[in-house]
Participant: 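Here you go, one structure.
Side-chain atoms are counted along with the backbone in the values below, which use heavy atoms only and exclude waters and symmetry mates. For the single chain, residues carry numbers from 1 onward in sequence order.
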Amino acid sequence: MAAADRVGAPDPHHPTRDYPPYRSSALRHPKHAPLPVVDPEAVELTGPVFGVTDVSALDNDLTLGKTGEPAGQRITITGRVLDRAGRPMAGQLVEVWQANAAGRYAHDLDQHPAPLDPNFTGSGRCLTDDDGEYSFTTIRPGAYPWRNHLNAWRPAHIHFSLFGTAFTQRMVTQMYFPGDPLFPYDPVLRSVTDQAARDRLVAVYDHELSLPEWTLGYRWDIVLGGPSRTLFEDR
């Protein structure tokens with residue numbers, strides 16, 4: 001991941017760290033400048049190295065690993081991870097986590113009184129192939145309330161995390177679903193002020209990816225730099 005894309009000139013359309021409509025950002029955003037890394041190469045040398053021995057072929061299916069079928073609409077999400085020049089990024093670790101079909105995360109801190117799904121793992125990972133492509137089988141997440149403001153609901157979304165060659169390069173973002181009626185009411189998505197950049201966070205329905213009587217298909221590419229880059233949450 002190019003350093004220029006991570007620490008370059010401020011992007012006027014990138015969400016500010018303290019975005020008033022997103023109330024909790026006032027408490028959670030960094031108040032001090034980042035500390036300089038004295039020897040960044042040393043960090044790289046001690047960082048994790050991900051490979052095919054760390055990720056199994058079934059880790060990208062969030063509907064497996066339990067005794068029954070999870071509730072909700074099964075979907076396939078596929079896309080490519082590309083650098084700023086449009087070249088595929090092979091061997092990149094891609095991780096996802098999400099709420100279940102009822103809009104609840106399998107996490108102790110999630111107090112939304114929606115049912116947990118004992119047959120849904122809620123998280124998965126994979127490595128991109130030689131074409132930079134990733135793929136996940138999962139369940140379309142439900143919307144959920146989050147108490148940011150009166151009648152606040154988060155649109156259906158899936159969290160994505162990508163690593164370069166070390167934990168210090170981790171980048172996190174969110175993917176949304178097309179046509180969600182909650183878009184105009186979500187301050188997290190609206191914190192992206194450029195409509196084109198906002199649109200790039202929304203997947204495209206791809207009927208060619210849908211499988212008969214099994215899944216609906218969505219395509220979402222992730223661009224790590226350049227004018228068409230996907231916005232991440234690390235700035």
Participant: Calculate, to the nearest 0.5 Å, the distance between atoms CZ and OG1 belonging to Arg200 and Thr173 respectively.
Facilitator: 11.0 Å
Participant: Among residues at least two apart in sequence or on other chains, which ones pass side chain to side chain donor-acceptor pair (under 3.5 Å) with Gln73?
Facilitator: none
Participant: Starting at CE of Met175, measure out to CG of Leu201 and round the result to the nearest 0.5 Å.
Facilitator: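 Result: 10.0 Å between the selected atoms.
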Participant: Does Tyr185 have more than 12 heavy atoms from other residues, nucleotides or ligands lying within 6.0 Å of its OH?
Facilitator: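 It does not: Tyr185 OH has 12 such atoms or fewer within range.
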Participant: Are Asp221 and Arg80 ion-paired here, with the side-chain N under 4.0 Å from a carboxylate O?
Facilitator: no
Participant: Quick one: are the ring centres of Trp220 and Phe160 less than 6.0 Å apart?
Facilitator: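 So the answer is yes for these two rings.
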Participant: Identify, with sequence neighbours excluded, every residue that meets salt bridge (charged side-chain N to carboxylate O under 4.0 Å, His left out) alongside Asp83.
Facilitator: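 Asp83 satisfies salt bridge (charged side-chain N to carboxylate O under 4.0 Å, His left out) with Arg87 once adjacent residues are dropped.
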Participant: Could you measure the distance from the CG atom of Leu189 to the CZ atom of Phe183? Nearest 0.5 Å is fine.
Facilitator: 6.0 Å
Participant: Who are the side chain to side chain contact (heavy atoms under 4.5 Å, CB included) partners of Val188, not counting sequence neighbours?
Facilitator: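 Only Tyr22, Trp146, Arg154, Gln174, Tyr176, Asp186 meet the side chain to side chain contact (heavy atoms under 4.5 Å, CB included) criterion with Val188.
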Participant: Rounded to the nearest 0.5 Å, what's the gap from CG on Asp59 to CZ on Arg125? Could you check?
Facilitator: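 So the gap between those two atoms works out to 5.0 Å.
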Participant: Any donor-acceptor pair under 3.5 Å linking the side-chain atoms of Thr128 with those of Glu133?
Facilitator: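 There is no such pair between these side chains.
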Participant: Sequence neighbours left out, what passes side chain to side chain donor-acceptor pair (under 3.5 Å) with Asp199? Give chain and number order.
Facilitator: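 Once residues adjacent in sequence are excluded, the partners of Asp199 under the side chain to side chain donor-acceptor pair (under 3.5 Å) criterion are Gln195.
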Participant: Using side-chain heavy atoms (C-beta onward) and a distance below 4.5 Å, is Arg170 in contact with Ser161?
Facilitator: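 Yes, close enough: below the 4.5 Å cut-off.
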Participant: Would you please name every residue forming a side chain to side chain contact (heavy atoms under 4.5 Å, CB included) with Pro21, sequence neighbours left out?
Facilitator: Tyr19, Pro187
Participant: As an exercise, state the distance from CD of Glu208 to CZ of Arg219, rounded to the nearest 0.5 Å.
Facilitator: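 Result: 10.0 Å between the selected atoms.
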Participant: Residues two or more places apart in sequence or in another chain: which of them pass salt bridge (charged side-chain N to carboxylate O under 4.0 Å, His left out) with Asp129?
Facilitator: none
Participant: Tyr218: which residues meet the ring pair (Phe, Tyr, Trp, His ring centres under 6.0 Å) condition with it, sequence neighbours left out?
Facilitator: Phe177, Tyr205
Participant: Using the salt bridge (charged side-chain N to carboxylate O under 4.0 Å, His left out) criterion, which residues pair with Asp180? Sequence neighbours excluded.
Facilitator: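 Salt bridge (charged side-chain N to carboxylate O under 4.0 Å, His left out) check on Asp180 returns nothing, list empty.
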Participant: When the ring planes of Phe136 and Tyr134 are compared, do they come out parallel, tilted or perpendicular, using 30° and 60° as the limits?
Facilitator: tilted
Participant: Asn148: which residues meet the side chain to side chain donor-acceptor pair (under 3.5 Å) condition with it, sequence neighbours left out?
Facilitator: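 Asn148: no side chain to side chain donor-acceptor pair (under 3.5 Å) contacts found.
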Participant: Who are the side chain to side chain contact (heavy atoms under 4.5 Å, CB included) partners of Leu116, not counting sequence neighbours?
Facilitator: Arg104
Participant: First locate atom CG of Leu82, then atom CG of Leu224, and finally report the distance between them rounded to the nearest 0.5 Å.
Facilitator: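 That separation rounds to 7.5 Å.
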Participant: If you look only at pairs with a residue in residues 112-121, which of them pass as a side chain to side chain donor-acceptor pair (under 3.5 Å), with sequence neighbours excluded?
Facilitator: none
Participant: Do Thr76 and Thr215 have a side chain donor and acceptor closer than 3.5 Å?
Facilitator: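 Note: Thr76 and Thr215 side chains meet the donor-acceptor criterion.
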Participant: Please identify each residue that fulfils side chain to side chain donor-acceptor pair (under 3.5 Å) with Arg74, with sequence neighbours left out.
Facilitator: Glu69
